[in-house]
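Report on the following structure.
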Amino acid sequence: ELQLERPKSTTSLDAEQMNTSPSFSKGTSIQEPSEGEKLNTISISAEKVNRPVIIDRRRLLAVFEQVTQATGSYSVEEMEKLHSTFEHLVFRHRMKLDRSQLVEDLETAMELII
């Protein structure tokens, strides 16, 4: 007869167990971010949060439609490459309120890759 054990819930842990750092296998460590990584930390001011993002939604939708049509037969690896490229572009423009250049960059990348 097979019996399954119910997983322990976090409510059964005492305060001491919850405040201790996790244990890792031998050779595993957590490294602090480098100074360069610390400088790249995103901080958004209250002023920017309330401003609208400027983007040509029609052109952006056209890019998405073209990519969808062109990638129907792509392999997983090809899709990952395209995703990585697009993700890089979006990340690069993430803090800009005027994202017109993002759409242009996506169009250019699409033409080069597809």
(request) Could you tell me the separation between the NZ atom of Lys96 and the CD atom of Gln101, rounded to the nearest 0.5 Å? (result) 7.0 Å
(request) Taking salt bridge (charged side-chain N to carboxylate O under 4.0 Å, His left out) as the test, write out the residues that go with Glu104, two or more places apart. (result) none
(message) Rounded at 0.5 Å granularity, tell me how far OG in Ser73 sits from CD in Glu78.
(response) 7.0 Å
(request) Please go through Tyr74's hydrophobic cluster and name the other residues, only I, L, V, M, F, W, Y counting, with side-chain heavy atoms under 4.5 Å joining them. (result) Ile55, Leu60, Val63, Phe64, Val67, Met79, Leu82, Phe86, Leu89, Val90, Leu102, Val103, Leu106, Met110, Ile113, Ile114
(message) Nearest 0.5 angstrom please: Arg99 CZ to Arg57 CZ, how far?
(response) 10.5 Å
(request) To the nearest 0.5 Å, tell me how far Thr68 OG1 sits from Gln66 CD. (result) 10.0 Å
(request) Could you tell me whether Asp105 and Arg92 make a salt bridge, using a distance below 4.0 angstrom between a side-chain N and a carboxylate O? (result) yes
